[in-house]
Asker: 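I'd like to ask you about the structure that follows.
Just so it is clear, the values below take in all heavy atoms, side chains as well, and ignore hydrogens, waters and symmetry mates.
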Amino acid sequence: MAKNKDYVDLTIMLVSHDAFRRDIRRLEKAVAGRSLEDPTARKRVLTGWEIFKTQLLIHHEGEDRDLWPRMAKGFANRPEALSVLAELEAEHEQIDPLLARIEAAVADGQPQTDELAEAVTLLGDSLETHLAHEEKDGLPYIQEALTEKDWKAFIADQRDSLGFKGAAEFFPWVLDEATQENVDKVSSVMPAPLRLVMKTMWTPAYQARGSWAN
């Protein structure tokens, strides 16, 4: 089992968590301001919601499908660590129905309701609890549980799940309102040609879609 290595760079994982928190705040603001009742604002909110929902599901599915099982193999004789992984997976299962509730509440033609406000509050609370739990108790185990080969295989699985089209949405989304330090860190792991595509094509296309209400 690998220990005290420095090959695990959690920057993109943590920047993704920041992006989820950012979008929850945007959703809460939109619901509080009843933005869904205005046709123009509604379109922007639904665009932002669709991107957020897609990225959250990809993130959680990748952890459930690949990361947690890989870590579990490294902790075959560590019941306390296995318990944390099981808790994190169970939290994903609690979040999924909340996403479905919000999806139903924002469906075309439905007015904004108290049901939506309640679902958004519950999602925000559940997601923040989960992210904080993962950052405090789950992510520190990664470097202990995984070999360098394991970590690279997980990254490859995530890359394959996104595909080129998914990457075109993910990178501009994850760096939206990110600190310059995080922009620099994420950009540093992208090949130069991809950084150029990001600057000239992906980011302008993402911005042109328009998301969330002003």
Asker: Using the ring-ring contact (aromatic ring centres under 6.0 Å, His included) criterion, which residues pair with Phe171? Sequence neighbours excluded.
Answerer: none
Asker: Specify the closest pair of heavy atoms between Thr47 and Ser211, including all atoms of both residues, with the distance to one decimal.
Answerer: CG2-CB, 4.2 Å
Asker: Is Leu67 close to Met13 at the side-chain level, that is, under 4.5 Å between some pair of heavy atoms?
Answerer: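 SC-SC contact between Met13 and Leu67 confirmed.
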Asker: Looking at Asp160, I'd like to know if its CG atom is crowded, meaning that more than 12 non-hydrogen atoms belonging to other residues, nucleotides or ligands lie closer than 6.0 Å.
Answerer: yes
Asker: Side chains of His17 and His59: closer than 4.5 Å at any heavy-atom pair?
Answerer: yes
Asker: Return all side-chain donor-acceptor pairs below 3.5 angstrom for residues 184-195, not counting sequence neighbours, or 'none' if the list is empty.
Answerer:
unit_1 : atom_1 : unit_2 : atom_2 : d
Asp184 : OD1    : Gln180 : NE2    : 2.8
Lys185 : NZ     : Glu181 : OE2    : 3.4
Ser187 : OG     : Val183 : O      : 2.8
Ser188 : OG     : Lys185 : O      : 2.6
Arg195 : NH1    : Ser187 : O      : 3.4
Arg195 : NH1    : Met190 : O      : 2.5

Asker: Give a yes or no on whether the ring-centroid distance for Trp202 and Phe164 is below 6.0 angstrom.
Answerer: yes
Asker: Hey, are the side chains of Phe170 and Ile12 touching, using non-hydrogen atoms and a 4.5 Å cut-off?
Answerer: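 Yes, close enough: below the 4.5 Å cut-off.
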Asker: Pairs under 3.5 angstrom only: tabulate donor-acceptor contacts from the side chains of residues 118-126 to other protein residues two or more places apart or in another chain.
Answerer:
unit_1 : atom_1 : unit_2 : atom_2 : d
Glu118 : OE1    : Arg101 : NH2    : 3.3
Thr121 : OG1    : Ala117 : O      : 3.1
Ser126 : OG     : Leu122 : O      : 3.0

Asker: Under 4.5 Å between side-chain heavy atoms, counting indirect links through other Ile/Leu/Val/Met/Phe/Trp/Tyr residues: same cluster for Leu175 and Leu196 or not?
Answerer: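 No, it is not one cluster - the side chains of Leu175 and Leu196 are not joined through contacts under 4.5 Å.
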Asker: Considering only heavy atoms from C-beta outward, does the side chain of Val106 approach that of Val45 to under 4.5 Å?
Answerer: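 The answer is no, as the side chains (C-beta and beyond) never meet within the 4.5 Å cut-off.
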Asker: Does a side-chain N-to-carboxylate-O contact under 4.0 Å join Asp176 and Arg26?
Answerer: yes
Asker: Do Tyr141 and Leu146 have side chains that approach each other closer than 4.5 Å (heavy atoms only, starting at C-beta)?
Answerer: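 They are not in contact (no side-chain heavy atoms under 4.5 Å apart), so the answer is no.
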Asker: Check Asn77 against Pro79 and note the closest heavy-atom contact, atom names and distance.
Answerer: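 Looks like O-CD, 3.5 Å.
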Asker: Within the structure provided, determine whether Leu88 and Glu63 are in side-chain contact (heavy-atom separation under 4.5 Å).
Answerer: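 No, every pair of side-chain atoms sits at 4.5 Å or beyond.
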Asker: Should Arg78 and Glu144 count as an ion pair when the cut-off is N to O under 4.0 Å?
Answerer: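 Yes, charged N to carboxylate O under 4.0 Å.
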Asker: Who pairs with Gln94 by side-chain contact (heavy atoms from CB on, under 4.5 Å), at least two apart in sequence or on another chain?
Answerer: Glu91
Asker: Give every residue pair that meets the salt bridge (Lys or Arg N to Asp or Glu O under 4.0 Å) criterion with at least one member in residues 48-57, sequence neighbours excluded.
Answerer: Glu50-Lys53, Lys53-Glu103
Asker: Please list, chain by chain and in numerical order, all residues satisfying side-chain contact (heavy atoms from CB on, under 4.5 Å) with Arg159, sequence neighbours excluded.
Answerer: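 If we apply the side-chain contact (heavy atoms from CB on, under 4.5 Å) test to Arg159, skipping adjacent residues, the hits are Ile155, Ala156.
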Asker: Are the ring centres of Trp68 and Phe154 closer than 6.0 Å?
Answerer: no
Asker: Apply side chain to side chain contact (heavy atoms under 4.5 Å, CB included) to residues Thr179 and Val15 and explain how you reach the verdict.
Answerer: CA-CA 9 Å; Thr179 64; Val15 175; over 6 Å; no
Asker: Do the non-hydrogen side-chain atoms of Ile24 and Leu127 ever get within less than 4.5 Å of each other?
Answerer: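 Heavy-atom side-chain distance check passes, below 4.5 Å.
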Asker: Hey, which of Asp64, Asp150, Asp157 is the one that makes salt bridge (Lys or Arg N to Asp or Glu O under 4.0 Å) with Arg70?
Answerer: Asp150
Asker: Report yes if some heavy atom in the side chain of Leu56 is under 4.5 Å from a heavy atom in the side chain of Asp23; otherwise report no.
Answerer: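 No, side chains not in contact.
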